[in-house]
There are 2 protein chains.
Amino acid sequence: MNTAFAQKIDAVIESLTPELVAYSKQLISFPTVAGQEQGAQEYLRTMLEERGFAVDMWEPDIQAMREFFPFFRGSRESFAGSPNVVGVRKGTGGGRSLMVNGHIDVVPPGERSAWNTDPFTGVLEGDRLYGRGISDMKIAHAAFLTCVDALEKLGVQLKGDLILESVVDEETGGAGTLAAIMCGYQADGAVIPEPTGMVACTSSPGVSYFKVKVKGRAFHGGTRYKGVSAIEKAMEVVTALQELEADRTMRLHHPLFPALIPFTINIGTIQGGAWPSMVPDEVVMEGRFGISPRETLESARAEFEKALAALAEEDPWFQEAPVEVEWTNNFLLPGESDPDHALVRVAAEHFRTVTGREMEIGGCGAGTDGGALMTFGKTPAIVFGPGHTAHCANEYIEISEAKRFAKILLAVIIDWCGMEESEDL
Amino acid sequence: MNTAFAQKIDAVIESLTPELVAYSKQLISFPTVAGQEQGAQEYLRTMLEERGFAVDMWEPDIQAMREFFPFFRGSRESFAGSPNVVGVRKGTGGGRSLMVNGHIDVVPPGERSAWNTDPFTGVLEGDRLYGRGISDMKIAHAAFLTCVDALEKLGVQLKGDLILESVVDEETGGAGTLAAIMCGYQADGAVIPEPTGMVACTSSPGVSYFKVKVKGRAFHGGTRYKGVSAIEKAMEVVTALQELEADRTMRLHHPLFPALIPFTINIGTIQGGAWPSMVPDEVVMEGRFGISPRETLESARAEFEKALAALAEEDPWFQEAPVEVEWTNNFLLPGESDPDHALVRVAAEHFRTVTGREMEIGGCGAGTDGGALMTFGKTPAIVFGPGHTAHCANEYIEISEAKRFAKILLAVIIDWCGMEESEDL
């Protein structure tokens, strides 16, 4: 791509700044917490249809998904009112297809008093646009629409297909992207604009929430030694999980995950016992299990289960009452793409052109839909987007960074999909 | 007491068996769980007044009690509808006073399906009378009334005062007996007919329910090592309490408490954390702290607090965030009487006469109102009564054992209080 064309990309996105901000504000205004995604998805359907996309909008079928994906449970009773939207605009032929995948659901805003603005009203202050979900990750949809407008302005006709997946349920279990995979949507490459601070992440760790039940035997607290305390037994379980985490940290070394503990086992909640003067007969703990992109969900879960089953070798109580492990609804699949994949090289080139810096390649700090897309979805992907505030009060995006992202994305779309020759360009 | 008189006691109680059963059934029929003691107490007031007792019936004043007893908190907002009843029948003079103390409150019946009969209908099957609270401890009140009837039948006039304390709140914090102590009720000796299986317990351990709050520092579970897990810190607290219990077991050896762990520390409940993928920032544990009859409530509590404060010496986290200890409402004071006290000797003599066996002297298996009575109440006491089922489904008393108890109690009353000479006897 020559310098003149790069300048055109720069100019067209600059000229579309009002649209980028307007689309962002519009998307923020839909309070798309789990179960309330309908309005935003209808808006996107309309926007895509007006721009020549064939739009598929459907509610994921939990029962069918359970049959298709054995590990899937589903975070909700049903997805009624929570449709996925996929828009496909066919290219003229001969090019590579590109998908932008963005989840439309957002986490709840939390305490309103912690916000300086209304979380569901986009408020621009200087370079910052505030609103729940703008960085995680409605800027993806806004940037995509802006790029489509830019293609129109530039008169570019793509050879490859251009696809927007606006999915539900990323924050609560990843059903949306899995449902799209089940419908057969895939592409030659994908960008998932999660807020990575513009780091291109080719590896997405998995995460699987767990619930473990530890049994005891109730007895009057005054003669507690005649019972078996589930709290004391839970301490052995905590220790076993700490040891498993330490062992995995040694074993699962991954160059893109240099953190102290890259794939943590976090015990987040504990609850047990019925009465102060009774030996507790059950303790339930829930937590998150981090999984390396180089594992499968199933193999990692099996390792976790094995570590807890092994407790019976040291403490006969666990022979009598094995720890029960339940994998709850919330999980994201691990997966990774080749960091030398052509898509990464294309992105790196345009990153350099737009920013003047080298693109950093990394691993995602948290689970994303990238894992599903890269594995079951058969779609090489980079998780790459502007912003770094997620799940906190006063979430915002810097418009200057969002524009840099839109410029890179537009260049990648054109470069990746290819364009028909035109005398204007 | 001569053999002829012992035979009269035997005969009069045998003749009053229908009354003993009827009073028991009547008392069972009042479902006197915490807050619902009014009906039974009114019944007892009437019964006592009809038998020449001056009756004091009043609702304990929590605020006044808090001022009187610094360690007292109170298990309820108020005792409206939960009055104490104390009946006093003055003797002719020159004798020792005897108090029978019985709590009228019962623990909830629990799962109805576990009961073969209605818990609040006294059902006699063979020798067993079933009903919630009959052994713990409405048989006390029934036996007392039967003894009063027997005194009438025998034409006995007591020299010393005879007192029935029917108190509330033994099961939930011991406020009833404390309220009676605050009003000045005391005696030269007391019998507390808790279901000790006819063992005379001169020592009553204390118990104090606790709530400990362990702090952590919240963080995203994916980088959990940047936070501080309150669950891991709670494990240190559990270990510290296990060590304290072991140390106390060595130190607080008591001949009447030969159990493996006589004064247990039982952690009964645990609760903490908000979300599987968040480092838990607080864990709350509740439990029961067993106290030797030779300690005071205050000194034992201070030892417990000191052990948790000492955690800061080993783990600097606890300097930053000390464990918070709260002594909740439910407690019973520790206390003991001299096992050679005259009342014990009198009881032992009549036990031998009635049963042909030697009376066993022991320590109570659980906290009772005896501790308060023996210490603040300045009343030497034995905790001594029929039955051994408490707090379980299908609670019952054996009528044959209840009659043996009533015979011993009647003989103790007459012997202890003394009687006016009469030519009939």
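Chain A is the first sequence line, chain B the second, and so forth, proteins listed ahead of strands; every chain is numbered from 1.
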Atom pair OG (Ser277(A)) and NE2 (His391(B)), whose distance is rounded to the nearest 0.5 Å: 9.0 Å
pair Glu232(A)-Met235(B): side-chain heavy atoms closer than 4.5 Å: no
Atom CD of Glu324(B): over 12 foreign heavy atoms under 6.0 Å: yes
Atom group of Ala274(A) that falls short of 4.5 Å from chain B, counting heavy atoms: backbone
Side chain to side chain, Gln271(A) and Ile270(B), heavy atoms closer than 4.5 Å: no
Where Thr264(A) and Gly222(B) come nearest, the two heavy atoms and their spacing: CG2-O, 3.2 Å
Distance in Å, Ile261(A) CD1 paired with Lys226(B) NZ, rounded so as to fall on 0.5 Å steps: 11.0 Å
Among Ala218(B), Gly273(B), Gly290(B), residue most engaged with chain A (heavy-atom pairs, under 4.5 Å): Gly273(B)
Contacting region of Val283(B) [heavy-atom separation from chain A under 4.5 Å]: side chain
Portion of Glu245(B) that has a non-hydrogen atom of chain A nearer than 4.5 angstrom: side chain
Least distance between heavy atoms, Trp275(A) atom then Thr269(B) atom: N-CG2, 3.5 Å
Arg224(A) side chain vs Ile265(B) backbone, donor-acceptor pair below 3.5 Å: yes
Distance-minimising heavy-atom pair for Pro280(A) and Gly268(B): CB-O, 3.5 Å
Residue selection (most heavy-atom pairs with chain B, distance under 4.5 Å) from Thr223(A), Val207(A), Val238(A), Asp281(A): Val238(A)
Among the listed options Pro205(A), Ser229(A), Gly221(A), the residue most often paired with chain B at heavy-atom distances under 4.5 Å: Gly221(A)
Polar side-chain atom of Asn266(B) near backbone of His220(A) as donor-acceptor pair, under 3.5 Å: no
